[in-house]
Amino acid sequence: MAILTISGAPASRFEDVAHGCSRLLGFELITESRISKWMAEEFGETPVPDRAWRPAAVSILARLATEHHLVICLGGAESLFPASPFTLRAGIVAPEAHRIGNVMLDQRLERPEAKTALARMDREAKHQRKIRSGRTQPLPDSFDLMLNSGHLDATQMTEVIQAAAAARRLHEQGLLAASVEAQMQFETRLKLARHGIIPAGQARLMRAAFSHPSEQVFANLLDFYRIPWEYEPRSFPLQWDKDGRVIEAFTPDFYLPEFDLYVELTTMKQALVTRKNRKIKLLRAVYPHINIQVFYQKDYQDLVFKHGLKEAVR
Amino acid sequence: MTAPPGIERILFTEEQVNQRIKEVAAEISARYRGRDLKLIAVLKGAVFFLTALARAIEIPVKIDFLAISSFGGSGPGMVRIAKDLDHPIQDEDILLVEDIVDTGFTTRYLLQTLAGREPRSLGICTLLDRTVRRIVPVPVDYRCFEIPDRFVVGCGLDFQQRYRNLGYIAVMDPEKS
């Protein structure tokens, strides 16, 4: 297996770098939201106790690593796996001024308020790191590569990490052998058993296989703007029969975890749009807390015209 | 200028555009009076709006320009700055001037880029706001017009690099152009 971990301080935008690396290297991106989803699948909706978080995460990631190379983008990710020929652990640092600027932007604050908010975020991150790695600060040797976003933009950092991955020959690493995974699962499950936790072993990572060329173009557009996305990560049951079996469900095309937003593309014929609109209306009624944005055929054509991609979606 | 082919209707006349720009400029003048305001526009579309807006603002302003790489549709492209600002923006009040905000993709990237350069404040002023298209939430401080979900040209907005110089904003059907 090849594992690239990318972590950094709050508001350092290490997530943007991780997303770019995932795309350039062709590794699967593991984010906080995906780990949370898998944790829920594995261990139920009851939160995993803090002390069990690390073995629980390693158990899930080891299973995924038997089928995929991974970019792990989590606070404290560098502590999940020890230094080895198949890991590359990158840390992103950013000048405080940059991080304050990002908080100003994200939370619509003036600079003094943003500074206070960042201090709070740092405290929370330290608490989380303590839970996950036992330390409030990473040890200097926890990273193989440190990059400063004060002098490198996200694209440049992505390219540096890509070069480092090539130098380490990460691509040449095979996937995690089943026997090694079994050993890792044995060890992690022993730790989890101390907390009374038994993983169900259900976490699976589905590789995106787009059903329409327009979805590929839209994914490229999101990648271009470094916006993390997931393809069809969740189906929403809409109707059930009298026995409680799902008879109708809806699976939005994309999920944008950064904005907690689902996006549905509809490039099909207008006659079929009505049926999809009905499903979306039902989705909003059954799941009022779910944010979904629909891109209709004409919207999409305009976007494509604007970017000169007319032929790409035909 | 003769209406170009494909124009369906004029959404906002030149008079309406100019009047609305004056109103927004007055709001901006009031808010930033006594402060150090710099207008930053993204090449090329926002140039027309920035020029009109700057002339209508009643306080001294500085201007600067950015350009970003364009999306090619395939391959591992990523947005990046193709032309950077000529001067730092540290401790300045920055107003990002856009011709149109729709998905929010470009605006989000630009705000992130500018926020890291220590401005005193950072706001957005757009000629057109197509909120129905919004995917990425971006906080728009000033908008001249909210527009329907149609393809529009004029006042800096183009179709295949043409029609930016129309003084009005028109709905266009690209298929008929």
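Computed from a predicted structure; not experimentally measured. Numbers restart at 1 for each chain; the letters A, B, ... are given by sequence-line order, proteins then strands.
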Approximate separation, where rounding is to 0.5 Å, of [X] [atom1] and [Y] [atom2]:
X	Y	atom1	atom2	answer
Tyr109(B)	Ile227(A)	OH	CD1	12.0 Å
Thr103(B)	Phe218(A)	OG1	CZ	8.0 Å
Gln293(A)	Arg134(B)	CD	CZ	9.5 Å

I'd like to know whether [atom1] of [X] has more than 12 heavy-atom contacts from other residues, nucleotides or ligands below 6.0 angstrom.
X	atom1	result
Lys22(B)	NZ	no
Lys279(A)	NZ	yes
Arg169(A)	CZ	no
Lys83(B)	NZ	yes

What part of [X] gets closer than 4.5 Å to chain B, counting heavy atoms only: side chain, backbone, both or neither?
X	result
Glu96(A)	neither
Asp153(A)	neither
Arg99(A)	neither
Leu256(A)	side chain

In the structure I gave you, are the side-chain heavy atoms of Ser121(B) and Arg111(A) within less than 4.5 Å of one another anywhere? no

Are the side chains of Glu118(B) and His98(A) in touch, meaning some heavy atoms are under 4.5 Å apart? no

Side chain, backbone, both or neither: which part of Asp91(B) has a heavy atom under 4.5 Å from chain A? neither

